[in-house]
Amino acid sequence: MTSQRKKASIVVRNATLEDVPKIAALVIKVYKNPADGYTPGMLRGQISSFPEGQFVVEYEGEIVGYSASFIVKEELAMSPHDWIEITGNGYAARHDPEGDWLYGMDVSVDPDIRRQRIGQRLYDARKQLCEEWELKGIVFGGRMPGWRRKQKTWPDPEDYVRAVKEQKATDPVIRFHIRAGFEPIGVLRNYLPDDADSGGNATHMVWRNPYAEELPQKQRIVQHVKEAVRVATVQVQMRAVKSFEEFISNVEYFVDVCSDRRADFVVFPELFTLQLLAFEERKLSPAEAIEALTRFTPRFIKEMRELAISYNINIIGGSHPTRTDDGDIQNVAYVFLRDGSVHAQEKIHPTPDERHWWNIKGGDSVDVIPTDCGPIGVLICYDAEFPELARRLTDEGARILFTPFCTDSRQGYLRVRYCCHARCIENQLYVVTSGCTGNLPNVENMDINYAQSAILTPCDYPFAREGIAAEIAENVEAVVMADLDLTDLAVARSEGTVRNLRDRRFDLYRVKWNDSR
């Protein structure tokens, strides 16, 4: 008799970025109110910050459970805190590879799946991770939903938790955690203000790794895997092309050059497609010019995608005016990945001139783009002058930001340049800029350009002197490349002279995004 092996119906594994839509749907199903769940950006941040700490449970091929966790130092884990503060607004932004405790952000289990011990499997996965990473234990804030109904008997939540421990009161969540091996060591007040059943409180739960005492008492050394990414930036001479084919041929030349040198990314400037207006039969008004450019969008996307595939390189295609589904015209950066996928990032903040002359509208979302070199972000020119955008992309896991820009004066260029370098320092990441140079005499509002494209780094010991990995001379057409070591960013974030990301005061301030638009 032949034996048949059936595929396991329940699988516990690490979450991936591809799981984000399904996890987001699960969390909404669990919490019912979308405002109480994780946004896709938060989930991307959790997975990017600490992929080993995020688990999903698949049942018959569907995701029915999710748990999020990260590492923190004991001082932070054991001191009073609230959920927003310790999780970095839900992005796991306070993950510390040098820490010694695993912090549990959340466990979500599909309410329709019963008797499969999905929650228990997730807690067991955390314990196994804790042992493998030689951490002291697990800590989290747990709900106490029975307290509100019994508040008259036990006005102080501390007394209520003690009564549950002594089995004088019942609370299904606290009892589940105790049965799972966790010990309540106190109450975290105002932990989740919206949790009315718990009065905003949470049990301060701890599980201690039984093998921790056997571990060497020396400081744990984090082994970083070296990650090198080669990036190229093109400073484009704006020229009067005679056809779309000539324009694409010029672009292909630079793509070919960068591909030959094994670059992972090449970035072109903002609005470099305005060269296509040079072969219009008559001089167009600003409104007519933008409308004419939008007609090239499908062809531009098709040709650039083919270049990315054929030359095996990821292309940040500058930006191009695009008419969106709602009828507005937006300034959109298209990212063409070498796997054939195409992503779009609209400019969030049009400049006063863009709004006045071209009636360009601002976009309403900014998120990381997953690539074979990790998550990246794109901020188009003026957007780099708004620090909230770069911080969101960083929290979602971006370690490289690309900034295509187009400026007509040295003052305008320096605004972009200085702000990009500030973003490097604030977020401890790399920024790659690409600008236009030269003149287009017959194109309204694009007649002159000023640029000095550069590859910028944080200002600390592991990085280039003056925080400049490479730059191009002012106002000349050229390409410059640099190898960026992503490992250096991890070291700087955990051990740098300053640690801007880790030292944020989440107890004092945070940025809240309107993700419902």
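- Considering all non-hydrogen atoms of both residues, Cys258 and Ile313 come closest at CB-CD1, 3.9 Å.
- To the nearest 0.5 Å, atoms CG (Leu389) and CD1 (Ile348) are separated by 6.5 Å.
- Ser249 and Glu252 share no side-chain donor-acceptor pair at under 3.5 Å.
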Exercise. Starting from the C-alpha separation in whole Å, work towards a yes-or-no answer on side chain to side chain donor-acceptor pair (under 3.5 Å) for Glu474 and Tyr450.
Key: CA-CA 8 Å; Glu474 297 167 293; Tyr450 188 102; 2.3 Å; yes

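- Each of Val266, Asp256, Val251 was compared with Leu307 under the side chain to side chain contact (heavy atoms under 4.5 Å, CB included) criterion, and only Val251 meets it.
- More than 12 heavy atoms of other shown residues, nucleotides or ligands fall within 6.0 angstrom of atom CD in Glu288.
- Taking the six-membered ring where the residue is Trp, the centroids of Phe300 and Phe244 are separated by 6.0 Å or more.
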- Message: Show, in sequence, the C-alpha distance, side-chain angles and deciding distance for Thr87 and Asn89, and conclude whether the side chain to side chain donor-acceptor pair (under 3.5 Å) test is met.
- Response: CA-CA 6 Å; Thr87 67; Asn89 298 329; over 6 Å; no

- Task: Test salt bridge (charged side-chain N to carboxylate O under 4.0 Å, His left out) on Arg323 and Asp328 and set out the steps.
- Result: CA-CA 6 Å; Arg323 186 171 292 283; Asp328 291 336; over 6 Å; no

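- In this structure, the side chains of Thr322 and Thr294 stay at 4.5 Å or more apart for every pair of heavy atoms.
- Checked against the 6.0 Å centroid criterion, the rings of Phe55 and Tyr66 do not qualify as a close aromatic pair.
- Within the 4.5 Å cutoff, side-chain heavy atoms of Leu456 are placed close to those of Ile468.
- Glu385 and Tyr418 are not linked by any side-chain donor-acceptor pair at a separation below 3.5 angstrom, with hydrogens and angles left out of the test.
- Proximity of the aromatic rings of Phe386 and His349 is defined here by a centroid distance below 6.0 angstrom, and this criterion is met.
- A heavy-atom distance below 4.5 Å is found between the side chains of Val57 and Leu122.
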Salt bridge (charged side-chain N to carboxylate O under 4.0 Å, His left out) between Arg391 and Glu396, worked out
CA-CA 9 Å; Arg391 183 51 57 82; Glu396 289 191 10; over 6 Å; no

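- Salt bridge Glu471/Arg417: present, at least one basic N to carboxylate O contact under 4.0 Å.
- By the 4.0 Å N-to-carboxylate-O rule, Glu388 lies too far from Arg392 to be salt-bridged with it.
- Smallest separation of non-hydrogen atoms from Asn331 and Glu270: ND2-OE2, 2.9 Å.
- Residues Asp372 and Asn314 have side chains that bring a donor and an acceptor to within less than 3.5 angstrom of each other.
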Exercise for review: Kindly indicate, with the supporting measurements, whether the criterion salt bridge (charged side-chain N to carboxylate O under 4.0 Å, His left out) is fulfilled by Glu346 and Lys361.
Suggested key: CA-CA 9 Å; Glu346 63 265 28; Lys361 305 296 184 183; over 6 Å; no

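- Relative ring orientation between Phe247 and Phe272 is described as tilted, the plane-to-plane angle lying within the 30° to 60° band.
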Run Phe50 and Trp133 through ring pair (Phe, Tyr, Trp, His ring centres under 6.0 Å) and show every step you take.
CA-CA 12 Å; Phe50 185 35; Trp133 281 60; 5.2 Å; yes

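- In this structure, Arg13 pairs ionically with Asp19, as a charged nitrogen and a carboxylate oxygen lie closer than 4.0 Å.
- With rounding to the nearest 0.5 angstrom, the CD1 atom of Ile376 is 8.5 Å from the NE2 atom of His343.
- The line from CZ of Arg399 to SG of Cys373 is 9.5 Å long, rounded to the nearest 0.5 Å.
- With 3.5 Å as the limit, one finds no donor-acceptor pair spanning the side chains of Thr351 and Asp353.
- A donor-acceptor contact closer than 3.5 angstrom is absent between the side chains of Tyr382 and Glu354.
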Salt bridge (charged side-chain N to carboxylate O under 4.0 Å, His left out) for Glu131 and Lys127? Distances and angles first, verdict last.
CA-CA 6 Å; Glu131 293 172 2; Lys127 290 179 180 178; over 6 Å; no

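- We find that Asp96 and Arg493 are not joined by a salt bridge, their nearest charged nitrogen and carboxylate oxygen being 4.0 Å or further apart.
- In this structure, Arg117 places its CZ atom where only 12 or fewer heavy-atom neighbours from other residues, nucleotides or ligands lie under 6.0 Å away.
- Checked for salt-bridge contact, Asp483 and Arg230 meet the test: a charged N lies under 4.0 Å from a carboxylate O.
- The aromatic rings of Phe268 and Phe254 lie perpendicular to each other, with more than 60° between the two planes, well past the 30° mark.
- Annotation: cation-pi geometry satisfied between Arg126 and Tyr123 (NZ/CZ under 6.0 angstrom from ring centroid, within 45° of ring axis).
- Residue Leu379 holds its CG atom at 8.0 Å from SG of Cys420, rounded to the nearest 0.5 Å.
- Considering all non-hydrogen atoms of both residues, Leu337 and Pro370 come closest at CD1-O, 3.3 Å.
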Q: Would you check, one step at a time, whether the test side chain to side chain donor-acceptor pair (under 3.5 Å) holds for Tyr31 with Asp106?
A: CA-CA 12 Å; Tyr31 289 102; Asp106 181 55; 2.5 Å; yes

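- Between Glu246 and Arg239 there is no salt bridge, since none of the side-chain N atoms of the basic residue sits less than 4.0 Å from a carboxylate O of the acidic one.
- Gln452 places a side-chain N or O within 3.5 Å of a backbone atom of Ile472 that can act as its donor or acceptor partner.
- For the 3.5 Å distance criterion, the side chains of Asn14 and Thr16 fail to qualify, holding no donor opposite an acceptor.
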Using the side chain to side chain donor-acceptor pair (under 3.5 Å) rule, take Asn475 and Asn449 through it: C-alpha gap first, then chi angles, then the decisive distance, then the call.
CA-CA 8 Å; Asn475 296 327; Asn449 294 277; over 6 Å; no

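- Taking CD of Gln116 as the reference point, atom CD of Glu60 lies at 8.5 Å (rounded to 0.5 Å).
- Residue Leu102 holds its CG atom at 4.0 Å from OG of Ser69, rounded to the nearest 0.5 Å.
- Nearest heavy-atom pair, Ile455 versus Met481, reported as atom, atom and distance to 0.1 Å: CD1-C, 3.9 Å.
- A donor-acceptor contact shorter than 3.5 Å links the side chain of Gln235 to the backbone of Ser453.
- The two residues Pro462 and Asp488 make their nearest non-hydrogen contact at O-OD2, 3.6 Å.
- Counting only N and O atoms by type, the side chains of Tyr91 and Ser48 include no donor and acceptor under 3.5 Å apart.
- The shortest distance between side-chain heavy atoms of Asn359 and Ile290 does not fall below 4.5 Å.
- Nearest heavy atom pair, residue Ser494 against residue Glu98, reads CB-CG, 4.1 Å.
- Arg338 pairs in a side chain to side chain contact (heavy atoms under 4.5 Å, CB included) with only one of the listed residues (Ile315, Ile309, Asp264), which is Asp264.
- Put simply, the side chain of Ile301 reaches to within 4.5 Å of the side chain of Tyr334, judged on heavy atoms.
- With 3.5 Å as the limit, one finds a donor-acceptor pair spanning the side chains of Asp124 and Gln120.
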